[in-house]
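These numbers were taken from a predicted model, which means no experiment stands behind them.
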Amino acid sequence: MGLPKRRCPNCGDTDQHFRQLLGDEKVFALRQTRVPIHRADLHKYRRCTREGCVRVQSYFNWRSGFDLPEEFRTPPQPAL
């Protein structure tokens, strides 16, 4: 089974694949959300996998989300 597709407001409200948060993304997410979330709740947050997107949102509610800082943005890959 592939990655789940969800609506991404940062990508023009198109359906994009989302993956679970990794390392520093989890640390940032714990500090970022307005309502404090616990480590056990991090499993419901996903990051958009579209190149250059920094959107993190709840798997269950696309409106509940935030952007990672610029240092988390994936630089564009040069064409070969």
Side-chain angles (χ1 to χ4, degrees):
M1 186 165 118
L3 295 173
K5 281 189 125 180
R6 296 287 186 255
R7 180 179 180 177
C8 181
N10 289 13
C11 296
D13 278 333
T14 58
D15 286 339
Q16 299 295 327
H17 292 286
F18 281 77
R19 64 163 173 77
Q20 291 185 336
L21 299 178
L22 305 173
D24 290 342
E25 296 167 347
K26 289 181 183 180
V27 173
F28 184 82
L30 282 170
R31 295 188 316 244
Q32 179 62 25
T33 56
R34 285 188 172 89
V35 177
I37 59 174
H38 302 283
R39 291 184 193 278
D41 293 331
L42 279 177
H43 71 279
K44 68 182 176 182
Y45 283 89
R46 303 287 193 270
R47 180 179 177 178
C48 181
T49 60
R50 183 172 180 221
E51 186 176 301
C53 189
V54 290
R55 176 73 179 173
V56 172
Q57 65 191 38
S58 170
Y59 180 80
F60 303 104
N61 180 2
W62 65 269
R63 289 182 181 98
S64 175
F66 53 89
D67 290 344
L68 294 168
E70 284 300 310
E71 58 262 22
F72 286 92
R73 193 175 299 276
T74 307
Q77 299 298 318
L80 298 176

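Hydrophobic clustering (ILVMFWY, side-chain heavy atoms < 4.5 Å, transitive): W62 and F66 are in distinct clusters. Residues F72 and F18 do not share a hydrophobic cluster, defined by chaining ILVMFWY side chains whose heavy atoms lie under 4.5 Å apart.
In this structure the side chain of P9 reaches within 4.5 angstrom of the side chain of R55, judged on heavy atoms. The closest side-chain heavy-atom distance from R6 to Q57 is below 4.5 Å.
The OH atom of Y45 lies 10.5 Å from the NE2 atom of H43; values are rounded to the nearest 0.5 Å. Rounded to the nearest 0.5 Å, atoms CG (L68) and CG (L21) are 7.5 Å apart. Residue R73 holds its CZ atom at 11.0 Å from CD of E51, rounded to the nearest 0.5 Å.
For E71, the salt bridge (charged side-chain N to carboxylate O under 4.0 Å, His left out) test picks out no residue, with sequence neighbours left out. Judged as a salt bridge (charged side-chain N to carboxylate O under 4.0 Å, His left out), and not counting sequence neighbours, the contacts of R47 are E25. Among residues two or more places apart in sequence or in another chain, the side-chain hydrogen bond (donor to acceptor under 3.5 Å, both in side chains) test is passed with R50 by none. Take N61 and apply the side-chain hydrogen bond (donor to acceptor under 3.5 Å, both in side chains) test, not counting sequence neighbours, and it matches no residue. Considering only residues two or more places apart in sequence or on other chains, D15 meets the side-chain hydrogen bond (donor to acceptor under 3.5 Å, both in side chains) condition with none of them. Residues forming a side-chain hydrogen bond (donor to acceptor under 3.5 Å, both in side chains) with T14 (at least two apart in sequence, or on another chain): Q16.
For V54 against P69, the heavy-atom pair with the smallest separation is CG1-O, 4.2 Å.
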